[in-house]
Amino acid sequence: MKDLNHLREEIDRVNNGLIELFIERMKISEEIGEYKRQKGMKIYDKKREDEIIAEVIEGREEKYKEYISEFLKELMKMSKEIQEGNRVNNEK
Ligand SMILES: C=C(O[C@@H]1C=C(C(=O)O)C=C[C@H]1O)C(=O)O
């Protein structure tokens, strides 16, 4: 078994990679939002979201599929929020 410190270093590295990609995704999403605004399109596209989930899940280990689906749904929820520019700040 690897030691805890080593495992936590690995998680820290993965966290940083995820956040880099998350920010990249959110920036692309903002650009898509701008495109939609200019073209008068709706933000929410259920067909596209369902396709993304189906494609990403395909061929993945069974035990992770539900987690992947949840993760993507949460990402897309935040993505739509940033496109709409109406993030609610819950801090009191
Ligand atoms: C980014 C888009 O806008 C919304 C957000 C999506 C996403 O974050 O992947 C997908 C579809 C839309 O509901 C898009 O239409 O591509």
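Small disclaimer: the values here were computed from a predicted structure and weren't measured. As the structure lists them, so they are numbered: ligands from 1, and atoms in each ligand from 1.
Side-chain atoms of Lys36 come within 3.5 Å of backbone atoms of Ile43 as a donor-acceptor pair (strictly under, hydrogens ignored).
Taking a cutoff of 4.0 Å between a charged side-chain nitrogen and a carboxylate oxygen, Glu74 and Lys77 qualify as a salt bridge. Ion pairing of Lys47 with Glu51 is present here, as a side-chain N (NZ or NE/NH1/NH2) and a carboxylate O approach within less than 4.0 Å. Here Lys65 pairs with Glu62 in a salt bridge; the nearest charged N to carboxylate O distance falls below 4.0 Å.
If you number the atoms of ligand 1 from 1 as listed, the ones under 4.0 Å from a heavy atom of Ile52 come out as 9 (O). Ligand 1 places these atoms under 4.0 Å from at least one heavy atom of Met76: 7 (C), 8 (O), 9 (O). Taking every non-hydrogen atom of Tyr44 and a distance limit under 4.0 Å, the qualifying atoms of ligand 1 come out as 13 (O). Set against the non-hydrogen atoms of Ile43, the atoms of ligand 1 under 4.0 Å away are 3 (O), 4 (C), 12 (C), 13 (O). Atoms of ligand 1 lying under 4.0 Å from at least one heavy atom of Ser79, given by number and element, are 5 (C), 7 (C), 8 (O).
Close N/O approach between Arg25 and ligand 1 is found [any backbone or side-chain N/O within under 3.5 Å]. Remark: ligand 1 and Lys80 share no N or O pair separated by less than 3.5 Å (distance only, no angle test).
A 6.0 Å sphere centred on OH of Tyr44 holds more than 12 heavy atoms belonging to other residues, nucleotides or ligands. Enclosure of atom CG in Leu4 by more than 12 non-hydrogen atoms of other residues, nucleotides or ligands within 6.0 angstrom is indicated.
Expressed to the nearest 0.5 Å, how far CZ of Arg37 lies from CD of Glu34 amounts to 4.5 Å.
For atom 14 (C) of ligand 1, the closest non-hydrogen atom on the protein side is Lys36 NZ, 3.4 Å. Protein heavy atom at the shortest distance from atom 10 (C) of ligand 1 is Glu49 CG, 3.6 Å. When only non-hydrogen protein atoms are considered, atom 16 (O) of ligand 1 lies nearest to Ile32 CD1, 3.7 Å.
Arg48 has its side chain within reach of Ile52: a pair of non-hydrogen atoms, C-beta onward, lies under 4.5 Å apart.
Residue-ligand proximity: Met78 is placed with every non-hydrogen atom at 4.0 Å or more from ligand 1.
Looking at Glu84, Lys77, Gln83 and measuring to atom 2 (C) of ligand 1, the nearest heavy atom belongs to Gln83.
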